[in-house]
Participant: 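Have a look at the structure that comes next, please.
Below, each value reflects all heavy atoms present in this structure, side chains not excepted, and no hydrogens, waters or symmetry copies. The chains referred to below are lettered A, B, ... by the order of the sequence lines, with proteins before strands, and numbering in each begins at 1.
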Amino acid sequence: MSKTVPDETPLPIRGFAAAALVAAAAAAAVWLAQASLSDYVVTLLAVLFLNAALAVSLNFTNGFTGLFSLGHPAFMTIGAYVAAILTFPERRKGTMLPGLPEFLATTELSLLPAILIAGAVAAVVALIVGFPVLRLRGHYLAVATLGLIVIIQSLATNWDTITRGGSGLSGIPRLTGIWWAFGFMLVVIAAAWRIKFSSLGRAMMATRENELAAECVGIDTVRVRMLAFVLGAFFAAVAGALLVHLISVVTPRTYSVLLAFNLVVMVVIGGSGSIIGAVIAASAITVLSEALRPVEESVGLYGMSQVIVALALILVLYLRPQGLFGSGEPMIVRRLFGGDRFGQTP
Amino acid sequence: MLEVRGLDVFRGATHVLKDVSFNVARGELAALIGANGAGKSTTLLTLSGLLRPRSGLAVMRTEGGEIDLTRASAERIVRAGLIHCPEGRQIFQSLTVAENLAMGAYTRSRREEIAAATAEVHELFPILKERASLPAGSLSGGEQMMLAIGRALLASPKLLLLDEPSLGLAPKVVETIFDVIARLKAQGVTILLIEQNAVMALEIADRAYVMENGRIVLAGAGRELMDNDRVRQSYLGVPL
């Protein structure tokens, strides 16, 4: 790949070293935050990191590949239940979930293997859903994933022996902390970055831009879309699993269609396809909705923050339809972390 | 190099190609002419694996072996060297000119070879070098066509399928495009060209096929067809 934009001044540090340095600085800030701020703020930060990771992972489909998926809440629910059942203390499983099959009733995993299995299960579900749907052109995926949310929700409500039905699972061990959320966000950002500026990322963006042309240069567009969808589902499930180990409860309604909407808004405001944009938009919206909560309560206008988020979306679509950064990354970040101009909307 | 026998293709319920048979020999420039809706583009889409025939045979033979175009995936067909430059300048609009060219080399991995191929394309179409860092969507129609052909060339075609390269272009640009097609032929690239501009196509074609309503109705050397009354009347606008 030829460099199309010459770098004006050489940066003292670039590529992996720069990324490591920025990550270390961020980690130091996180350490400072969790040492000095209240539990409430620290938990909020963890939620913020998970939201950022979710928005970035939605970018695989909705940004890079130009698909429109609403499926994140479904995959998060799958991830949450799978991981929660796996990490639940064995001695309490008997009273909480007496109907569990033997092999589940006697297992008690630590967080890491549990979230990996959760991600894998969601990835398999994405594969099954994607197989028929991703062959079709148009917005079939939006409809199919919307349906998937409903299916997973009713499955979680009615499969009592595994899920305890509508009352959900409570008392999930609080294994996630701010460090898990932060680390996971870094992993998702790094993975997205590596993919975006790789041949797979280019194939995704070519598929988004012009499917016929993409096939004519030898891109298997169905496979590319499938990869984007499955990767997004995997990360969504892991995030969903991490989040319930933070709030220690999961019900069939923990992750709803509303969440899908909010995540789509984050991606659109950040710029569909922009990783940094998604992180910034996710952070801003998380902080905004949390800050508006006390206001809502004092004026008695519940749901106001949701209205404001929706208004923000309309405003962005009206004033800057490409979002904060279009589908690209801010110049300075690109130069720091390495990554050519590819996919930059001018 | 390309052998097509008894190809029947349906699009939805419509029987578009009916028992289509033709050949393209190695190093040859073959033209497929005919009116709108005759089935020319459908033929190319079928050969590049983007449409599947109901029945019939389409095989490409190269030094690398033989490939069944009716079964192989579009990706494998590209890797085998059959490159389809589709109708209507299908470029990646928001990517730059350089990136568009780079996408052409998607199936190739040797950097030096890609760089050399890019230099060759720049030599054929100097404007693409000048505009390298501009978004492809900002190019003029003619430049976009050059970019589409350049991108196809970066895939290192053994058999190049060109669908209406002169469509909607100014006469001067059409000349440039045809010059390049002639040069590619001289370099030994086998070409199957679809054209509505039958005069220009027949002038440079070694062999030509006339398609009407999904059937090949006439075949012959390019010059020969130019003198054919039926062709003269229907496609060259010459009254009898």
Participant: Strictly below 4.0 Å, N to O, side chains only: are E63(B) and R26(B) in salt-bridge contact?
Facilitator: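 The answer is yes: the pair qualifies as a salt bridge.
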Participant: Taking non-hydrogen atoms and a cut-off under 4.5 angstrom, which of residues 262-282 of chain A neighbour chain B?
Facilitator: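 Listed by number: none.
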Participant: Among L159(B), L192(B), V24(B), which residue meets the side chain to side chain contact (heavy atoms under 4.5 Å, CB included) test with L47(B)?
Facilitator: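 When side chain to side chain contact (heavy atoms under 4.5 Å, CB included) is applied between L47(B) and each of L159(B), L192(B), V24(B), only L192(B) qualifies.
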Participant: Take atom CZ of R76(B) as the centre, draw a 6.0 Å sphere, and report whether it contains more than 12 heavy atoms from other residues, nucleotides or ligands.
Facilitator: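 No, CZ of R76(B) has 12 or fewer neighbouring heavy atoms, counting only those of other groups under 6.0 Å.
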Participant: Taking the six-membered ring for Trp, are H139(A) and F68(A) parallel (under 30°), tilted (30 to 60°) or perpendicular (over 60°)?
Facilitator: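 Ring orientation of H139(A) relative to F68(A): perpendicular.
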Participant: When you look at CZ of R71(B), are more than 12 heavy atoms from neighbouring residues, nucleotides or ligands closer to it than 6.0 Å?
Facilitator: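 Incorrect, the count does not exceed 12.
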Participant: For Q196(B) and N36(B), does a side-chain donor sit closer than 3.5 Å to a side-chain acceptor?
Facilitator: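 On atom types as modelled, these side chains qualify, holding a pair under 3.5 Å.
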Participant: Which region of I91(B), side chain (C-beta onward) or backbone (N, CA, C, O), has a non-hydrogen atom less than 4.5 Å from a non-hydrogen atom of chain A, or is it both or neither?
Facilitator: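 Just the backbone, heavy atoms under 4.5 Å.
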